[in-house]
2 protein chains.
Amino acid sequence: MEIQLQIKMNEKLFLRDPEQSELGKKIILHSIEWIHKNGFEAFTFKKLAEAIGTTEAGIYRYFENKHRLLIYLTAWYWSWLEYQVTFQTNNIKDPVVKLKMVIHLLATMVEDDIRTSYVDESILHQIIITEGTKAYLTKRVSEDNKDHLFKPYKDLCAVIGNMILECNPHYKYPKSLASTIIEMAHFQNFFMNNLPSLTDFGKSKDEAEIVLFLEDLVFSSLQSSSVGG
Amino acid sequence: MEIQLQIKMNEKLFLRDPEQSELGKKIILHSIEWIHKNGFEAFTFKKLAEAIGTTEAGIYRYFENKHRLLIYLTAWYWSWLEYQVTFQTNNIKDPVVKLKMVIHLLATMVEDDIRTSYVDESILHQIIITEGTKAYLTKRVSEDNKDHLFKPYKDLCAVIGNMILECNPHYKYPKSLASTIIEMAHFQNFFMNNLPSLTDFGKSKDEAEIVLFLEDLVFSSLQSSSVGG
DNA sequence: TTATAAAAGATAGTAACACTATCTTTGCAA
DNA sequence: TTGCAAAGATAGTGTTACTATCTTTTATAA
């Protein structure tokens with residue numbers, strides 16, 4: 001049984017759907033590799049075209065500009081991760097166990113999902129850690145948000161927020177705690193590897209410790225405010 | 001009594017010290033205004049030169065490139081904030097009260113400090129929220145870190161980490177909690193104003209609520225792991 | 001008062017970037 | 001076989017990100 005996993009993307013993210021052609025898939029595949037290797041600042045469509053063996057103009061037929069492509073990649077990642085969360089927490093009753101699974105999925109190195117042939121989730125995860133916030137930290141954020149470009153991120157945040165409420169219906173800040181978990185899973189990873197004195201994991205460089213930190217953070221909050229509301 | 005506040009900056013941050021000349025001060029003043037208005041992506045030295053009434057080449061005598069200027073602005077901001085933290089928590093004995101003061105300083109709109117004539121801290125604060133992380137989220141982060149360009153940020157983080165330990169010497173993640181407070185004070189603010197569904201403060205848009213959230217987060221963690229170590 | 005050196009201004013130039021346009025070729029489908 | 005969409009090839013334009021050089025202004029020390 002061979003299963004292909006296809007993620008339906010918002011059409012405003014692209015000019016031509018990259019999943020519908022060979023060139024489109026190459027653009028996704030190679031842009032992930034290129035950005036991972038050289039960073040988003042140095043990334044240009046011309047360089048990407050060279051890497052693929054096509055032309056600049058060809059890539060512009062798929063994406064308006066490199067920022068849109070970054071938003072596409074992040075949207076794809078968050079959609080995939082929400083699917084992972086849904087899948088991995090399926091049939092789990094205990095909301096605490098579910099939330100722990102989410103923290104694990106967010107903070108731990110992902111493995112390449114072979115069902116998505118042109119996306120290496122492991123590398124994409126690394127990109128999202130370093131470049132992900134640049135998708136929305138712009139002057140255009142409100143416009144882009146009106147086009148629902150950040151919906152996958154917001155959806156995932158909502159899913160996690162609901163799990164938090166399942167754990168403790170009286171907790172006052174489920175959405176903020178959810179976005180904190182998501183961002184900190186990545187930031188602590190970046191700090192651990194690049195600015196280690198900003199974390200307590202600089203020596204071990206062990207992602208498992210980030211998981212423990214986040215669990216401590218989350219479940220302390222959820223326990224302490226359980227009574228009264 | 002007129003007091004001027006001067007912050008000693010790492011010399012690797014600039015080619016010529018902007019605090020030592022009128023043009024240098026204009027560069028700082030106008031770059032803050034320009035970036036606040038139009039965002040860092042659209043910012044160029046040519047446009048800045050026009051705003052100031054000087055030439056592009058003139059600005060290149062002070063800063064290698066716009067990324068270095070951003071690092072300078074963030075370093076300045078964190079230095080200034082560490083000074084604020086030290087000043088405002090001076091003579092406070094209770095570490096819990098100190099930590100609450102820090103959260104307040106981080107998460108609340110700052111007022112312009114008139115002792116720094118060419119820096120509007122209130123606007124700079126807004127810039128740091130949106131653009132601050134871009135200073136270190138790059139491929140060059142390790143090199144820049146070796147030049148100690150992020151020292152002010154790391155110093156502030158260390159100060160807060162020590163306060164955390166004062167509150168609870170057994171807490172296991174003081175540095176990670178410190179960096180979490182710093183980043184989340186800004187991210188929750190950005191989300192509240194731009195992607196409100198990622199927070200619980202979208203309706204009120206009240207910074208005071210971010211303070212309450214962070215206090216809840218921090219002191220839950222510090223209380224719950226107090227025994228045993 | 002003059003010499004002089006540093007800062008700033010003026011101007012020019014280049015390679016790369018961020019696109020847009022147009023024309024041709026290829027591949028497939030009715 | 002014709003016809004159309006995708007891709008390739010090529011060219012062009014304004015902007016960005018610098019570097020270089022030459023001149024003028026300004027502060028100050030002899």
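In the text below, chain A, chain B and the rest are named by the order of the sequence lines, each starting its count at 1. Side chains included, hydrogens not; waters and symmetry mates left out as well; all remaining heavy atoms used.
Glu41(B) and Lys134(B) are joined by a salt bridge, as a carboxylate oxygen and a charged side-chain nitrogen come within less than 4.0 angstrom of each other.
One finds a side-chain N or O of Lys47(A) lying less than 4.0 angstrom from the OP1 or OP2 phosphate oxygen of dC17(C). One finds a side-chain N or O of Ser21(B) lying less than 4.0 angstrom from the OP1 or OP2 phosphate oxygen of dA8(C). The side chain of Thr54(A) contributes an N or O atom lying less than 4.0 Å from OP1 or OP2 of dG8(D).
Along DNA chain C, the nucleotide closest to Thr44(A) and the one closest to Ala57(A) are compared, and the more 5′ of them pairs with Thr44(A). Checking Asn65(B) against Tyr62(A), the closest nucleotide of DNA chain D that is more toward the 5' end is the one next to Tyr62(A).
There is a side-chain donor-acceptor pair under 3.5 Å between Thr116(A) and Glu121(A).
The distance from atom CD of Glu64(A) to atom C1' of dT20(C) is 13 Å, rounded to the nearest whole Å. Between Phe45(B) atom CZ and dA8(C) atom C1' there is a gap of 16 Å when expressed in whole angstrom units. In this structure, Glu56(B) atom CD and dA20(D) atom C1' are separated by 13 Å, rounded to whole Å. Taking atom CG of Leu70(A) as the reference point, atom C1' of dA18(C) lies 17 Å away to the nearest angstrom. Rounded to whole Å, the distance from CD1 on Ile59(A) to P on dC17(C) is 13 Å. For Arg61(A) and dA7(D), the CZ to C1' distance is 6 Å, given to the nearest whole Å. Following rounding to the nearest Å, Lys46(A) (NZ) and dA15(C) (P) show an atom-to-atom distance of 12 Å. Put simply, CD on Glu41(A) is 11 Å from P on dA18(C), counting in whole angstrom units.
Among the atoms of the strands shown, none is found under 4.0 Å from any heavy atom of Phe63(B).
In this structure the side chain of Trp76(B) reaches within 4.5 angstrom of the side chain of Leu124(B), judged on heavy atoms.
The aromatic rings of Tyr136(B) and Phe187(A) sit perpendicular to each other, their planes meeting at more than 60°, with 30° as the lower class boundary.
Test Asp144(A), Asp147(A), Asp17(A) against Lys12(A) for salt bridge (Lys or Arg N to Asp or Glu O under 4.0 Å) and you get one pass: Asp147(A).
For Arg16(B), the listed nucleotide lying nearest its side chain is dA7(C); candidates were dA6(D), dA7(C), dC17(C).
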